[in-house]
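The chains referred to below are lettered A, B, ... by the order of the sequence lines, with proteins before strands, and numbering in each begins at 1. Given the structure is predicted, the values throughout are model-derived calculations rather than measurements.
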2 protein chains.
Amino acid sequence: MSVTLKQVADAAGVSVSVASRSLNGRAREYRISETTEKSVKTTAAKLGFQPSQVARSLRLKRSGLVGVVVPDLSNPFFASIAREVTLAAEQDGYSVIVVDTRETTANEEKLVGQLLARQIEALVVCPVGQTQDHLSAIHDSGLPVVLVDRGFPDSKLTQVTSNHRAGAQQATELLLDHGHRLIGILQGLPGTLPNDERLAGLRAGLAQRNLDFDTTLLAGDNFSERSGYESTHALLRRHRGITALFAFSTPNALGALRATLELGRRVPEDLSLVTFDDIPFADFMSVPLTTVAQDVTALGRTAADLITQQLSGSKPPRLKNHCVQVHLINRNSIREVKR
Amino acid sequence: MSVTLKQVADAAGVSVSVASRSLNGRAREYRISETTEKSVKTTAAKLGFQPSQVARSLRLKRSGLVGVVVPDLSNPFFASIAREVTLAAEQDGYSVIVVDTRETTANEEKLVGQLLARQIEALVVCPVGQTQDHLSAIHDSGLPVVLVDRGFPDSKLTQVTSNHRAGAQQATELLLDHGHRLIGILQGLPGTLPNDERLAGLRAGLAQRNLDFDTTLLAGDNFSERSGYESTHALLRRHRGITALFAFSTPNALGALRATLELGRRVPEDLSLVTFDDIPFADFMSVPLTTVAQDVTALGRTAADLITQQLSGSKPPRLKNHCVQVHLINRNSIREVKR
DNA sequence: CTGAAAGCGCTAACAC
DNA sequence: GTGTTAGCGCTTTCAG
């Protein structure tokens, strides 16, 4: 089947040790004659020798494997993060094993276990987000772990997240500046860090103007389009005077659009709408929505850098929480209202 | 660091072979006493034993690894395919190594080589598409290989592709039915199977009506937005009487939209537009475009099934070319024109 | 400058 | 029922 080092050595008429050293560019170091080195290399090439990474891994105790854990690879947000890590890993000669947890913690735990059994050298995970115990255990065992997107407050783990709070605050202030006071909030999954940080930013924005947060203006229970759709209906029924909606995800916003369409209210003429971007396809979207855009590439790249650093230098990162800036893109889905 | 089988065996007061057999559920087979089996299992659990997949792979000559090669993981089309394969693999206890070739054949060859060195047991590849020699060589060596999306005509490799030809023909007929005769074609990358099959479908649609294909109505050189944009400008300048455009990709169509906007022509009032979907986000897109939709999930799942089959049954698939049906979604971006 | 041999962690003959 | 041992393919002391 596959050609082994021994076969190369035999064909070249040398011992396996010489073959190994020649092929690993350590001929100098071991003072192997140029002729034998060349000869080994050419016969290896002729036989199409591919050193077995498996054997290599066993011997060196280095698998050259990095694990990437995402809840849904078909979501461009996570796919982009996986991509950045993959590209960085390829650069450094590592390979990436990607697993998809389908948004369930049980799968996450099982799959992470399998990754560990494969002797991965680092782990990048976009956690489902309920619990971090199994992840910090891994961290404690000495394996570099980086969390992306959904983190945990006060975690000892290295985390990379967008500055949800600042983004939400900015968006809130923009709405307030335009005179909006009755703002419906379409939130995502409560309890997750992105959602709760966005809520915190919202509160901060209101507090800045000495305004209180009216919890009856809050609706929604996850980041899906359906949640946005149903929450919009509920909120507009509950509060006739709502002039603006703040959606915590793009699907939430799309649901809102669908609902408002049904209700005969137009965006932005009759109702302003601002959203948080989870996906990098914003430019292609249906309505030019004003949005707090996440820098997905920066998220992925930061995670990749953090991993790369630890893989090479093996020094743990000084900074625990890495915050990636968001930026507000004003596409004019917010109208001025008179007070 | 990590606990080995020997440590478990010692702790349980048995030999490694007994430990191995107990843990692999072959106690029955080797008639190991229930007590020892239990004892081994509990001590293993207590020590947190994780069998080294690396050692296992070396010994069994089975890595449990599947390689997935895509040109751009941040593209939802390829991400979805990768996902389906990943989920299927996880189901069967395999893990997936994903590599991103950044659309260049050189990377593709290099990365596939690395995958082989890792002793992968199967390979799913969305090829860049210029050459298949390195891929068929792998096939010849006995490794299950499945090509997805971009295939090669008359290849001996197993391929899974959308029925581009039928889809293009359907779209063409739809345009002709609406009275269009001067139809501008915004093509993608010439020479790739999807592009050329779509051209073939177009020709077939025209031939059906005894119409000739006017090559001066063809423009574009890749699947990007820019190509669509420039081609639209060129075509509309060249042929004043064009009443419809057929874009071969969603980005192509978006480019067309941008160009027509600049030219003050509205879709569909002044100009009809039909497109081919490469991405699963069509419902969220800017204009309700009539489109030939690819079933990305079916593409991925078919590939996954083909791999799974060969991995378990080890029987080569009887069918070489697997064609996934497309379906036309009429969102009314085509207007009737009088002849 | 080169070779023999140990051993990474595991499984499977082959003994007893 | 259980233990001993060879060996997967590779790197690396340690001897020449």
What's the closest nucleotide to the side chain of [X] if the choices are [options]?
X: B:Val14; options: C:dG3, D:dG3, D:dC10; value: D:dG3
X: B:Val16; options: C:dC10, D:dT5, D:dC8; value: D:dT5
X: A:Ile32; options: D:dT2, C:dT2, C:dC10; value: C:dT2
X: B:Lys61; options: D:dT2, D:dG9, D:dG3; value: D:dG9
X: B:Arg21; options: C:dC1, D:dG9, C:dA12; value: C:dA12
X: B:Leu5; options: D:dC10, C:dC10, D:dG3; value: C:dC10
X: B:Ser52; options: C:dG9, C:dT2, D:dC10; value: C:dG9

Below 4.0 angstrom from OP1 or OP2 of [N], is there any side-chain N or O of [X]?
X: B:Ser33; N: D:dT2; answer: yes
X: A:Ser15; N: C:dG3; answer: yes
X: A:Ser17; N: C:dA5; answer: no
X: A:Arg26; N: D:dT12; answer: yes

[X] [atom1] to [N] [atom2]: how many Å, rounded?
X: B:Tyr30; N: D:dG3; atom1: OH; atom2: P; result: 15 Å
X: B:Arg62; N: C:dA12; atom1: CZ; atom2: C1'; result: 16 Å
X: A:Asn24; N: D:dG9; atom1: CG; atom2: P; result: 17 Å
X: A:Gln7; N: D:dG9; atom1: CD; atom2: P; result: 8 Å
X: A:Gln53; N: D:dC8; atom1: CD; atom2: C1'; result: 15 Å
X: A:Arg118; N: C:dG9; atom1: CZ; atom2: C1'; result: 15 Å
X: A:Lys6; N: D:dG7; atom1: NZ; atom2: P; result: 12 Å

Exercise. Between A:Glu37 and A:Lys41, is the closest basic N to carboxylate O distance under 4.0 Å?
Worked result: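 Between A:Glu37 and A:Lys41 there is a salt bridge, with a charged N closer than 4.0 Å to a carboxylate O.
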
Exercise. Are any side-chain N or O atoms of B:Glu108 and backbone N or O atoms of B:Val128, one a donor and one an acceptor, separated by less than 3.5 Å?
Worked result: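 Side chain of B:Glu108 to backbone of B:Val128, a donor-acceptor pair under 3.5 Å: yes, one is there.
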
For this session: Assign B:Arg56 to base, sugar-phosphate, or nothing according to its heavy-atom contacts below 4.0 angstrom with the strands shown.
Result: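 Since only primed, P, OP1 and OP2 atoms lie under 4.0 Å of B:Arg56, the category is sugar-phosphate.
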
Exercise. Base, sugar-phosphate alone, or nothing: which one does A:Thr36 contact when heavy atoms must sit under 4.0 Å apart?
Worked result: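 Sugar-phosphate contact only.
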
Problem set entry | Pair B:Arg118-B:Ser63, side-chain donor/acceptor within less than 3.5 Å |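 Judged by distance alone, the side chains do not pair up.
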
Problem set entry | Check: B:Asn107/B:Thr104 side-chain N/O donor and acceptor closer than 3.5 Å |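 Short answer, yes.
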
For this session: Report the residue (B:Leu60 or B:Glu34) whose heavy-atom-nearest nucleotide on DNA chain D is the more 5′ of the two.
Result: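 Final value for this comparison: B:Glu34.
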
Exercise. Under a 4.5 Å cut-off applied to non-hydrogen side-chain atoms, are B:Leu135 and B:Pro127 in contact?
Worked result: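 Side-chain contact under 4.5 Å: yes.
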
For this session: Could you walk me through whether A:Thr36 and A:Ser39 pass the side chain to side chain donor-acceptor pair (under 3.5 Å) test, one step at a time?
Result: CA-CA 5 Å; A:Thr36 37; A:Ser39 134; over 6 Å; no

